[in-house]
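To start, the structure under review is shown below, and the notes come after it.
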Protein chains: 2
Amino acid sequence: MAEQLTEKQQKALAFIRAEIRNHGRPPTLREIGAEIGVSSTNGVRYLLDTLERKGYLSRSPMLSRAIELTERTAVLFPMDDAREVPLIGRVAAGIPLLATENLEGHIRVDRSIASSDETFALRVRGDSMTDAGILEGDVIFAKPQDTANPGDIVVALLGEEATVKYYRPQTDRICLEPANRYYSPIVVERGTPGFRILGRVIGLMRKL
Amino acid sequence: MAEQLTEKQQKALAFIRAEIRNHGRPPTLREIGAEIGVSSTNGVRYLLDTLERKGYLSRSPMLSRAIELTERTAVLFPMDDAREVPLIGRVAAGIPLLATENLEGHIRVDRSIASSDETFALRVRGDSMTDAGILEGDVIFAKPQDTANPGDIVVALLGEEATVKYYRPQTDRICLEPANRYYSPIVVERGTPGFRILGRVIGLMRKL
DNA sequence: TTTCATGGCTGAGCAGCTGACGGAAAAACA
DNA sequence: TGTTTTTCCGTCAGCTGCTCAGCCATGAAA
């Protein structure tokens with residue numbers, strides 16, 4: 001599609017990128033306005049809305065300097081494309097997934113693998129997914145979401161254990177199916193306390 | 001000189017750095033506090049003052065998220081712990097493996113995976129190694145070497161085709177064994193022209 | 001022992017920064 | 001001419017850094 005960018009839009013993108021590079025932080029609306037010659041924050045806001053709609057950046061509402069450039073901008077202005085992903089160790093019940101207590105470390109991977117902002121990593125225990133090419137000791141990357149499509153491989157929390165399985169929802173219960181003929185599916189009633197989908201598996205890394 | 005940093009100070013620095021890398025913007029005082037367990041913004045402020053005095057970062061007053069990390073921090077947390085690995089496309093005979101003609105692109109991975117300097121990456125074609133958890137489309141990482149230990153998974157060049165198999169050397173010939181009962185081993189006489197071990201597989205990455 | 005200073009922190013409140021938005025006007029376009 | 005796009009101005013609410021007044025533990029000084 002490659003939508004056209006106006007001169008102001010290009011200037012704004014270039015400025016945002018330069019600020020991130022030079023100061024490690026995106027500019028505010030007023031800083032952008034001063035740079036590109038727009039005196040109203042609403043003018044800048046409108047401009048950024050347009051850029052967001054065209055897919056050149058994404059923003060988080062009600063946060064200062066919450067502008068993130070997207071892949072598309074990276075093509076225009078190439079940047080470092082590695083991402084740092086938290087590696088979850090053991091999952092402790094009642095503690096948020098990404099709390100320090102659960103963190104084993106960080107791992108850097110290409111953005112093409114860890115596409116989402118909040119991607120997390122988990123070391124696989126057990127051999128219940130070997131037929132899907134997921135072996136014990138592998139590190140899987142998951143995108144946080146509390147639901148999934150049938151057939152997705154998901155990370156699910158069962159009590160204090162996180163488990164990786166195929167997601168097979170049924171009308172009143174959920175079937176977590178292993179990829180190993182020696183294991184049986186885990187069937188959980190919907191609404192079972194302590195059961196939760198943590199995320200969908202989007203990638204994998206193995207060290208031999 | 002390397003002044004001592006308390007645990008909280010290290011956590012704060014690591015968090016700030018991770019936020020800058022992953023979101024392109026430094027965190028606010030309250031975000032830092034929530035992460036490292038300091039409930040008062042003044043506590044965080046005090047902590048940052050100390051870090052600034054020790055030279056690990058610099059700040060601009062009265063601006064949001066105005067934290068910049070200094071060289072010294074870069075030493076503590078090396079920014080370049082990711083490695084850029086060449087992704088080989090098709091292997092053309094007679095051309096060095098890493099020549100531009102063979103290159104499909106670059107991919108960034110953690111040093112823990114791509115341990116060697118010369119690590120290269122290859123996209124897997126075919127399903128001959130599925131029982132070893134290596135599926136079609138996976139990217140494997142290999143360390144260049146022209147020999148290997150029995151049982152290693154290797155990348156071997158057979159004419160113009162690169163193939164991934166178990167390495168089973170025998171007295172006067174070499175057996176390349178697939179991990180899939182529907183395939184037969186490839187047996188090659190030692191010294192066959194056009195046959196060469198390109199490297200040993202040391203890691204793998206999959207995008208789902 | 002007591003006293004004092006210091007470092008590290010809490011909690012509350014304030015002021016300035018920052019983004020969101022409505023209304024109007026200018027500019028561009030059909 | 002009417003319509004859409006873009007900008008300005010002003011205002012507001014929420015985010016964010018800063019200040020002030022303490023608390024507590026540690027350690028040195030009296």
Side-chain angles (χ1 to χ4, degrees), chain A residues 1-20 22-70 100 117, chain B residues 1-20 22-70:
Chain A
M1 52 194 276
E3 296 200 55
Q4 292 288 351
L5 289 184
T6 68
E7 192 182 334
K8 276 219 167 79
Q9 288 167 354
Q10 285 186 38
K11 266 176 81 175
L13 269 186
F15 176 61
I16 292 168
R17 175 175 162 281
E19 284 293 301
I20 294 179
N22 296 334
H23 299 290
R25 63 173 180 266
T28 65
L29 295 189
R30 286 167 183 81
E31 285 169 358
I32 298 173
E35 176 70 19
I36 65 175
V38 171
S39 67
S40 153
T41 59
N42 205 19
V44 177
R45 195 182 111 80
Y46 179 84
L47 198 154
L48 290 184
D49 277 346
T50 308
L51 285 173
E52 187 166 17
R53 189 158 27 79
K54 290 186 180 176
Y56 289 91
L57 49 84
S58 67
R59 291 187 294 161
S60 316
M62 297 316 296
L63 282 180
S64 67
R65 305 174 189 274
I67 302 173
E68 295 189 50
L69 301 180
T70 59
T100 333
D117 257 10
Chain B
M1 51 183 291
E3 292 199 58
Q4 290 291 346
L5 289 184
T6 67
E7 192 182 334
K8 276 214 168 85
Q9 289 167 353
Q10 286 187 38
K11 269 175 79 173
L13 271 186
F15 176 63
I16 293 168
R17 174 175 161 281
E19 285 293 301
I20 293 179
N22 291 333
H23 297 290
R25 63 173 182 264
T28 65
L29 295 190
R30 286 168 182 81
E31 285 169 357
I32 298 173
E35 175 69 18
I36 66 176
V38 171
S39 68
S40 157
T41 58
N42 199 28
V44 178
R45 198 183 110 78
Y46 181 84
L47 197 154
L48 291 184
D49 276 347
T50 308
L51 284 174
E52 186 166 20
R53 191 158 26 78
K54 290 185 180 175
Y56 290 92
L57 49 84
S58 68
R59 290 186 296 160
S60 315
M62 299 312 297
L63 281 180
S64 67
R65 306 175 187 272
I67 302 172
E68 296 187 48
L69 300 180
T70 59

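On a predicted model such as this, the values are computed, not experimentally measured, just so you know. Lettering follows sequence order; numbering is per chain, from 1.
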* To do: For B:A66 and for A:V38, find the nucleotide of DNA chain D with the closest heavy atom, then tell me which residue's nucleotide is more 5'.
  => A:V38
* Asked: Can you tell me how far C1' of D:dT4 sits from CZ of A:R53, to the nearest Å?
  -> 12 Å
* Hey, is the side chain of B:S40 pairing donor to acceptor with the base of C:dG11 inside 3.5 Å? -> yes
* Compare all side-chain heavy atoms of A:I32 with those of A:L48 and state whether any distance is below 4.5 angstrom. => yes
* Asked: Do you know the tightest heavy-atom contact between B:E31 and B:F15?
  -> O-CE2, 3.7 Å
* Which atom of A:G24 lies closest to which atom of B:I20, heavy atoms considered -> O-CG2, 4.1 Å
* To do: Find out whether B:T28 and A:R65 are in side-chain contact, i.e. whether some heavy atom of one side chain is under 4.5 Å from a heavy atom of the other.
  => no
* Asked: Taking CZ from A:R45 and C1' from D:dT5, how many angstroms apart are they, rounded to a whole number?
  -> 15 Å
* Asked: How long is the line joining OH of A:Y46 and C1' of D:dC9, in whole Å?
  -> 18 Å
* To do: Please evaluate the base of D:dT7 for a donor-acceptor partner in the side chain of A:N42 within a cut-off of under 3.5 Å?
  => no
* Asked: Relative to the 5' end of DNA chain C, which residue comes earlier, B:L47 or B:L63, by the nucleotide with the nearest heavy atom?
  -> B:L47
* Could you tell me the separation between the NZ atom of A:K11 and the P atom of D:dT7, rounded to a whole number of Å? => 11 Å
* Asked: Rounded to whole angstroms, how far apart are CZ on B:R25 and C1' on D:dC15?
  -> 13 Å
* Asked: Rounded to the nearest Å, what distance is computed from the CD atom of residue B:Q9 to the P atom of nucleotide C:dG7?
  -> 12 Å
* Between D:dT16, D:dT11, D:dC15, spot the one nearest the side chain of B:T28, thanks. => D:dT16
* To do: Just call it for A:V44: base, sugar-phosphate, or nothing, with non-hydrogen atoms closer than 4.0 Å on any strand.
  => nothing
* Asked: Whole-Å distance between D:dT16 P and B:E19 CD?
  -> 12 Å
* **Contact summary for B:K8 and B:L47, nearest pair of heavy atoms** => CB-CD1, 4.2 Å
* To do: Using whole Å, report how far NZ of A:K8 lies from P of C:dA26.
  => 16 Å
* Establish, with yes or no, whether the OP1 or OP2 oxygen of C:dC17 is under 4.0 angstrom from a side-chain nitrogen or oxygen of B:S64. => no
* To do: For A:R65, report the nucleic acid contact type (base, sugar-phosphate, nothing); a contact means any heavy atom under 4.0 Å.
  => sugar-phosphate
* Does B:T41 make a side-chain donor-acceptor contact with the base of D:dC18, cut-off 3.5 Å? -> yes
